[in-house]
Amino acid sequence: MESKKSEGESSRSRISALVVDDDAIIRKIHKAMLQQVFNMDAKSVKDGKEAVDLHRCGANFDIIFMDKEMPIMDGHEATKELRGMGVKSMIVGITTRADEKDREEFLAAGSNHCFEKPLNRAKVEQVLHDHPNFPF
Amino acid sequence: MDKIHSHRQVAAIKHSLFDQGYLDEQFIQLEELQDDANPNFVEEIVTLYYRDSSRLISNLDHTLERNPLDFNKLDTLMHQFKGSSSSIGAKRVKAECTLFREYCRARNGEGCRRSFQQMKKEYATLRKKLETYFQLARQAGPLETAYRPK
């Protein structure tokens, strides 16, 4: 997978991240962690539709942390939409229950990883470790 | 010495919150995000949690009064509560949320009501303990001031 980088962004060292979650507390925590611990340039939206709309407007992120159950558009639906649009970002699905069905749904939709909430340092490190050449 | 004593008190309360299973590792992860630029980060997050929880508990209360019960709505509300509880490390509250959702899936109304009462108790206890903890932490001040030479 290759992230599209403009000329201006070619020297960018920070990974760009998008947190997609309907819970304001979780958005705040995950953003803070990604920014402070991993020095990512993190933004957040509150549901899958906003994530899709953001991409339709030309936004692009190296990594997307996608909650599963959200109003308007679920995480796996948004993942399918984004992959259908040709989005190559790494997508990490986040579920609220250790349910194999949720995981399978996310992976089938095109996500690269799937974890149970909460997202924490170890899980983000695992993603980065599993993809040493990330961002692609 | 008073400052040192206060800090020891704060540390003891925190230990007991973990030892008694009220909090888990996630709370420590939140504390690691607190720094000079965000000195009250944890308390801000927990305050948001209280606000959110009050709203969700009220909605759950009303939804549990309906007949017949709307298990899908109950499950959705508790899903939200479980998510925010787990994000602050509220271990016991999270466990009750999980149990409640299992009762929802089993369409067990009595189980839902029982579990909800227990969940409210756990939440109230946790909230009280955390309020005490943060109050003492504020009084104790930053850790380094406890050791500043006179």
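Chain identifiers are assigned alphabetically (A, B, ...) following the order of the sequence lines, protein sequences preceding nucleic acid strands; residue numbering begins at 1 within each chain. What you see is a predicted model; the values in this text were computed from it and never measured.
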Worked verdict on A:Val37 versus B:Glu32 for side-chain contact (heavy atoms from CB on, under 4.5 Å): CA-CA 9 Å; A:Val37 178; B:Glu32 287 176 357; over 6 Å; no
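Linking Ile, Leu, Val, Met, Phe, Trp and Tyr residues whenever their side-chain heavy atoms come within less than 4.5 Å places B:Ile13 and B:Leu126 in a single cluster. Linking ILVMFWY side-chain heavy atoms closer than 4.5 Å, directly or via other members, places A:Leu107 and A:Ile94 in two distinct hydrophobic clusters. Under the 4.5 Å side-chain heavy-atom criterion for ILVMFWY residues, a single connected hydrophobic cluster contains both B:Phe18 and B:Leu136. Put simply, A:Phe106 and A:Ile26 are part of two different groups of oily side chains (I, L, V, M, F, W, Y) that touch within less than 4.5 Å, one to the next. Under a hydrophobic clustering in which Ile, Leu, Val, Met, Phe, Trp and Tyr are joined whenever their side-chain heavy atoms come within less than 4.5 Å, directly or via other members, A:Ile72 and A:Val20 fall into different clusters.
Using a 4.5 Å cut-off between heavy atoms, B:Glu44 touches chain A through its side chain atoms alone. Proximity to chain A (any heavy atom under 4.5 Å) is restricted, for B:Leu30, to the side chain, taken from C-beta onward.
Atom-to-atom distance recorded for B:Asp35:CG and A:Gln36:CD is 5.0 Å, nearest 0.5 angstrom. B:Leu33 contributes atom CG, which lies 13.0 Å from atom NZ of A:Lys31 (distance to the nearest 0.5 angstrom). Residue A:His30 holds its NE2 atom at 7.0 Å from OG of B:Ser87, rounded to the nearest 0.5 Å. To the nearest 0.5 Å, the span separating CG on A:Asp23 from CZ on B:Phe81 amounts to 11.0 Å. In this structure, CD1 in A:Ile25 is found 4.5 Å from CG in B:Asp52, a value given to the nearest 0.5 Å.
For B:Arg138, the CZ atom is densely surrounded, since the number of other residues' heavy atoms within 6.0 Å is greater than 12. Remark: A:Lys123 NZ is packed, more than 12 non-hydrogen atoms of other residues, nucleotides or ligands lying under 6.0 Å away. In A:Lys49, the NZ atom is not crowded: 12 or fewer heavy atoms of neighbouring residues, nucleotides or ligands sit closer than 6.0 Å.
Checked by atom type and distance alone, the side chain of B:Gln29 never pairs as donor or acceptor with a backbone atom of A:Asn120 at under 3.5 Å. When atom types are taken as modelled, the side chain of A:Glu69 and the backbone of B:His79 share no donor-acceptor pair closer than 3.5 angstrom.
The nearest pair of heavy atoms linking A:Ile29 to B:Phe41 is CA-CZ, 4.3 Å.
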